[in-house]
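Quick one: the structure is below, questions incoming.
Counting convention: from 1, in listed order, for ligands and their atoms alike.
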Amino acid sequence: MHFQPLLDDIAATLRPELGRGGQVASYIPALARVPAAQFGIALRTCDGEEAQAGDSGTPFSIQSISKLFSLALAMRELGDTLWERIGREPSGNPFNSLVQLEAEHGIPRNPFINAGALAVTDRLVSRCDAKARMLALLSSLCGEPVGFDAEVAASEAATGFRNVALANFMKSFGRIDNDVGPVLDAYFHDCAITMSCVQLARAAGFLCRDGAHPYTGEPVLNERQTRRVNALMLTCGTYDAAGEFAFRIGLPCKSGVGGGIVAVVPDRLTLCVWSPALEPSGNSLLGMKALELFAAKTGLSIF
Ligand SMILES: NC(=O)CC[C@H](N)C(=O)O
């Protein structure tokens with residue numbers, strides 16, 4: 001299949017909609033001032049073929065897409081013991097909700113809501129320099145140095161009252177081992193990582209290759225772990241819009257409020273779309289449309 005003309009076609013189809021509809025994330029100034037009228041798409045196949053269109057090389061704040069990579073690190077470090085403190089069910093609630101945690105004894109529904117990612121980060125902080133490990137993993141996976149945006153990280157910390165509450169609430173149930181400070185610091189920095197669509201399409205490449213590193217072929221995760229990450233992306237990767245994503249797109253996806261969405265076609269390719277304006281659940285509005293067009297035009301879906 002020739003992907004370059006397809007991506008050009010998707011970018012051209014969506015161009016008239018740029019900057020119309022949806023809301024750019026406004027909870028911190030650094031995200032609020034990102035111009036809405038931007039769209040990028042990039043993909044990389046299992047064989048290393050690449051295609052890209054639009055603003056595919058523009059760096060953006062990856063936000064919750066980082067939860068994918070912190071989960072991979074924790075699965076590698078902890079194996080199945082990770083699941084003692086984190087569930088695998090969709091929450092059906094907003095990504096930063098506290099509401100289920102009390103009845104469920106401080107065990108988050110899944111690793112892709114904020115509570116779950118904080119629990120994952122706590123386990124990593126116990127074992128390694130979590131911030132450095134994250135940058136090392138991402139830089140290795142995309143073949144280029146990846147960094148934090150210091151302004152975004154500082155704003156996340158200054159305004160992250162709900163995340164502070166989530167961490168403390170889980171700590172009160174004995175589900176967080178470390179002081180909440182270093183856990184939150186690592187989490188806020190993960191949210192503040194900056195990458196482009198091209199870099200993310202490459203970095204997620206292990207997810208379409210049974211866990212093999214996109215460049216070296218070494219196992220990032222084993223085959224079983226990789227299947228599980230893809231399953232969690234499908235059921236929980238796009239918050240309370242996961243059902244809508246499965247219905248309209250039918251691919252494992254992970255989104256972030258910076259407007260990026262990573263999608264996986266197992267055994268074929270990984271792709272990343274980006275457009276800053278979001279629908280009410282916090283997923284990129286045009287990113288969703290782009291993925292829907294991609295699935296419709298290629299017939300690629302896990303169903
Ligand atoms: N969904 C997201 O991308 C959320 C990330 C955001 N920084 C938060 O913690 O609330």
Side-chain angles (χ1 to χ4, degrees), residues 22-34 59-71 90-99 101 108-122 124-125 130-131 134 138 148-170 176 180-195 197 200 204 232-233 235-242 244-245 253-263 272-285 287-288:
Q23 294 285 327
V24 173
S26 59
Y27 68 98
I28 53 174
L31 291 186
R33 66 169 177 262
V34 175
F60 61 88
S61 187
I62 75 168
Q63 291 292 327
S64 279
I65 298 173
S66 62
K67 294 177 169 71
L68 195 54
F69 300 97
S70 50
L71 174 65
S91 70
N93 275 306
F95 57 79
N96 54 7
S97 173
L98 285 113
V99 74
L101 270 181
R109 278 283 174 106
N110 68 69
F112 291 151
I113 49 175
N114 288 10
L118 286 161
V120 165
T121 305
D122 174 57
L124 283 175
V125 165
K131 289 193 283 185
M134 188 73 160
L138 284 170
F148 301 118
D149 180 320
E151 184 195 350
V152 173
S155 300
E156 294 284 348
T159 62
F161 305 112
R162 269 178 178 261
N163 289 318
V164 174
L166 286 165
N168 279 295
F169 201 37
M170 286 190 287
I176 295 281
V180 296
V183 175
L184 286 160
D185 180 59
Y187 173 83
F188 290 140
H189 276 82
D190 288 351
C191 291
I193 290 168
T194 300
M195 291 173 79
C197 289
L200 276 166
L232 285 164
M233 289 172 77
T235 53
C236 314
T238 51
Y239 323 114
D240 47 337
E244 186 71 6
F245 266 76
C253 293
K254 183 73 206 85
S255 60
V257 292
I261 309 174
V262 165
C272 178
V273 293
W274 170 64
S275 190
L278 310 176
E279 45 78 278
S281 295
N283 300 295
S284 169
L285 189 69
M288 275 181 90

Q. Does Asn114 come within less than 4.0 Å of ligand 1, judged by its heavy atoms?
A. yes

Q: Would you check if the side chain of Asn283 reaches a backbone N or O of Thr238 as a donor-acceptor pair within less than 3.5 Å?
A: yes

Q: Show which atoms of ligand 1 fall inside a sub-4.0 Å distance from at least one heavy-atom site of Gly256.
A: 3 (O)

Q. Of the backbone atoms (N, CA, C, O) and the side-chain heavy atoms from C-beta on, which set of Arg162 has a member under 4.0 Å from an atom of ligand 1: side chain, backbone, both, or neither?
A. neither

**Q.** Backbone N/O of Ser284 and side chain of Trp274: donor-acceptor pair under 3.5 Å
**A.** no

Q. Does a side chain donor of either Asp190 or Ser66 reach within less than 3.5 Å of an acceptor in the other side chain?
A. no

**Q.** For atom 6 (C) of ligand 1, closest protein heavy-atom neighbour
**A.** Gln63 OE1, 3.2 Å

**Q.** Mode of Ser64 contact toward ligand 1 - side chain, backbone, both, neither (heavy atoms, under 4.0 Å)
**A.** both

Q: Examine ligand 1 and decide if any of its atoms is less than 4.0 Å from a heavy atom belonging to Tyr27.
A: yes

Q: Only one of Ile65, Thr235, Leu68 passes side-chain contact (heavy atoms from CB on, under 4.5 Å) with Phe112; say which it is.
A: Leu68

**Q.** Backbone or side-chain N or O of Tyr239 under 3.5 Å from ligand 1 N or O
**A.** yes

Q. Hey, does the side chain of Glu279 reach the backbone of Gly282 with a donor-acceptor pair shorter than 3.5 angstrom?
A. yes

Q) For atom 9 (O) of ligand 1, which candidate among Tyr187, Phe95, Phe112 provides the closest heavy atom? A) Tyr187

(Q) So if I apply the side chain to side chain donor-acceptor pair (under 3.5 Å) rule between Tyr239 and each of Ser91, Ser64, Ser281, which one comes out positive? (A) Ser64

Q | Backbone N/O of Val164 and side chain of Asn168: donor-acceptor pair under 3.5 Å | A | yes

(Q) Can you name the atoms of ligand 1, numbered from 1 with element, that are less than 4.0 Å from a heavy atom of Asn163? (A) 8 (C), 9 (O), 10 (O)

**Q.** Glu244, CD: over 12 other non-hydrogen atoms inside 6.0 angstrom
**A.** yes

Q. Backbone, side chain, both or neither: what part of Asn96 comes under 4.0 angstrom of ligand 1, heavy atoms only?
A. neither

Q.
Under 4.0 Å from a heavy atom of Glu156: which atoms of ligand 1 are those, numbered in the order shown and with their elements?
A. 6 (C), 7 (N)

